[in-house]
J.: 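Okay, handing you the structure first.
Each chain gets a letter, A, B and so on, in the order its sequence line appears, and its residues count up from 1.
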Protein chains: 2
Amino acid sequence: MTDQPEAIPFEPTALLRAGNRSLSVMDQIRDAILDGSVSAGERINEVRISKTLAVSRTPVRAALQALAGEGLLDYAPNRGFTVREFPLDAIVDAYEIRASLEGVAARFAAERGLNAEERAIVEQSLIAGDRLLERGSFEPGDLIRYRRINGDFHDTLLSAARNRMLAEMIRICHHVPMSSSRNIVAFEHRDVRRRHDDHHRIYEAIMAREPWRAEILMREHVSGVKASLVKSLTERGEPIDMTDAAKTG
Amino acid sequence: MTDQPEAIPFEPTALLRAGNRSLSVMDQIRDAILDGSVSAGERINEVRISKTLAVSRTPVRAALQALAGEGLLDYAPNRGFTVREFPLDAIVDAYEIRASLEGVAARFAAERGLNAEERAIVEQSLIAGDRLLERGSFEPGDLIRYRRINGDFHDTLLSAARNRMLAEMIRICHHVPMSSSRNIVAFEHRDVRRRHDDHHRIYEAIMAREPWRAEILMREHVSGVKASLVKSLTERGEPIDMTDAAKTG
DNA sequence: ATCCAATAAAGTGAATACACTTAAGAAGGA
DNA sequence: TCCTTCTTAAGTGTATTCACTTTATTGGAT
């Protein structure tokens, strides 16, 4: 911050994440991968990236190491990093895995209970969803809005599970990059309605302190997303974006 | 390799893993963490390690980044890496998570089927286990031997699940460092017998192509290990080694 | 024209040097 | 004696440099 050697013309080194360049670089590379700027299987050139981001290779390498740890990159000695490929099978599997993990999270949440703040957020998400859905049809932007509501619900239950490893594994599932990055899977109003009802039931089970019921319901809930996804994949042609669909479960 | 500055006296830089020092360093640090040479919560000093292993800080940092990705270390900017702490709760939870994940793996294996080699290994593990157990009591070294048999069974089913993410997550569960590193949880012959019978049933379900039955059986199987563990924890005092117990499920 | 070998270019791996941040210790005041 | 502050040491973050490996290219031979 004090005396950056020179203001770089093209990429003004986006806002730095707290003190540390590696972390900032990491975020930028991750974004580039997730939004498809660099395609799967592609080999990553350290010097090119370091020039683009106007930093040395050191923080770039650090970021790449970390991203490999997150499972987004593969590493081969003396050959550097490549963007990991996710065949369609693996993407579908990821939903199953996430279903299983979020099921466990729901069970833990039911066993351990929610604190006041968490209850407030979840209940708010249920109410907001009800309001959004009561019209019977979507207006533009509603899906985006629902995605946030959905995220609040799942994130809060996850934090109520009080287990870091679980949270990290689920985060990894969310980071599975999706095939192509155009097209949004257009979910029907009825589908979203059904999933929101799932949320109600799951929360009931958790508040009733019924861990196993919570687990089964959550599992089925997430599996349902996979099902609609596979359905929309087989109905339409092939190239479908799942980047957003992933967050609409 | 050509002109190592000086042969270091104490730690002769163990055998290097394929071409790459970072990977070798990573293994050594990991081992040090898992066998308790460095204790939980402890802060890691890069220069000290680099001196001990007779390499520069660069490969050490690379290894630390990677280990943080594996979940063994925590990172804080400008403060470096610390050994992640695993409270007893988290360790017990890890068994639940692994149970869930291995359940999914068993389901996948049942859906996708085993190839000839995999069938051979699993069946061999079942036979070897039967032979080891038929005496009705253990001789010294039998537990170690059974641990290998057990590992073959689980590893092979996992590879039959044909999903890399799943395999990596389960590996992470196995890497949860256990509290102290003395004492072996002495499993009774009867317990091992019971678990080995589980193996038989799980394999039956998989060969019968009954995915959900395979999942439930596997899940219960792994959960059972957690149960015995908790039991032996509450019966005896506190300090118990779980390093080995972890591999005996 | 195709394949192989030698060579050059590009890229990664590791060491060193220096800048910056944090933690520790010493000195001074209340 | 205890707390505060300044100073200093220790430690992490980044850049730069060089060594080594891989890959691309060019020239020749079959």
J.: Got a salt bridge between B:Lys226 and B:Glu102, using NZ or NE/NH1/NH2 to carboxylate O under 4.0 Å?
T.: no
J.: Using a cut-off of 4.0 Å on non-hydrogen atoms, how would the nucleic acid contact of B:Leu64 be classed: base, sugar-phosphate, or nothing?
T.: nothing
J.: Starting at the 5' end of DNA chain C and moving along, which residue's nearest nucleotide shows up first, B:Arg43 or B:Ala62?
T.: B:Ala62
J.: Once you round it to whole Å, what is the distance between P of D:dT12 and CD of B:Gln65?
T.: 12 Å
J.: Write down the distance between CZ (A:Arg21) and P (C:dA19), rounded to a whole number of angstrom.
T.: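 Rounded to the whole Å, the gap is 14 Å.
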J.: Would you indicate what B:Tyr75 reaches in the nucleic acid, counting non-hydrogen atoms under 4.0 angstrom: base, sugar-phosphate, or nothing?
T.: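 Since only primed, P, OP1 and OP2 atoms lie under 4.0 Å of B:Tyr75, the category is sugar-phosphate.
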J.: Write out a two-atom table: protein N or O, nucleotide N or O from nucleotides 6-10 of chain C, distance below 3.5 Å.
T.:
none

J.: Using the salt bridge (charged side-chain N to carboxylate O under 4.0 Å, His left out) rule, collect all pairs that involve residues 153-162 of chain A, keeping only residues at least two apart or in two chains.
T.: A:Glu118-A:Arg162
J.: Once you round it to whole Å, what is the distance between C1' of D:dT12 and CZ of B:Arg48?
T.: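 It is 15 Å, rounded to the nearest whole Å.
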J.: Looking at B:Arg148, I'd like to know if its CZ atom is crowded, meaning that more than 12 non-hydrogen atoms belonging to other residues, nucleotides or ligands lie closer than 6.0 Å.
T.: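 For B:Arg148, atom CZ is not crowded (no more than 12 foreign heavy atoms under 6.0 Å).
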J.: Between A:Arg112 and B:Asp89, is there a salt bridge with N-O shorter than 4.0 Å?
T.: no
J.: Would B:His221 and B:His154 count as a close aromatic pair, with their ring centres under 6.0 Å?
T.: yes
J.: Would you say A:Thr58 places a side-chain N or O within less than 4.0 Å of OP1 or OP2 belonging to D:dT14?
T.: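 Checking D:dT14 against A:Thr58, no side-chain N or O comes under 4.0 Å of OP1 or OP2.
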J.: Taking OP1 and OP2 of C:dG13, is either one under 4.0 Å from a side-chain nitrogen or oxygen of A:Arg61?
T.: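 For A:Arg61, the contact criterion (side-chain N or O under 4.0 Å from OP1 or OP2 of C:dG13) is met.
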J.: Classify the side chain of B:Arg57 and the base of D:dG13 as holding, or not holding, a donor-acceptor pair under 3.5 Å.
T.: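 Indeed, a donor on one side and an acceptor on the other fall under 3.5 Å apart.
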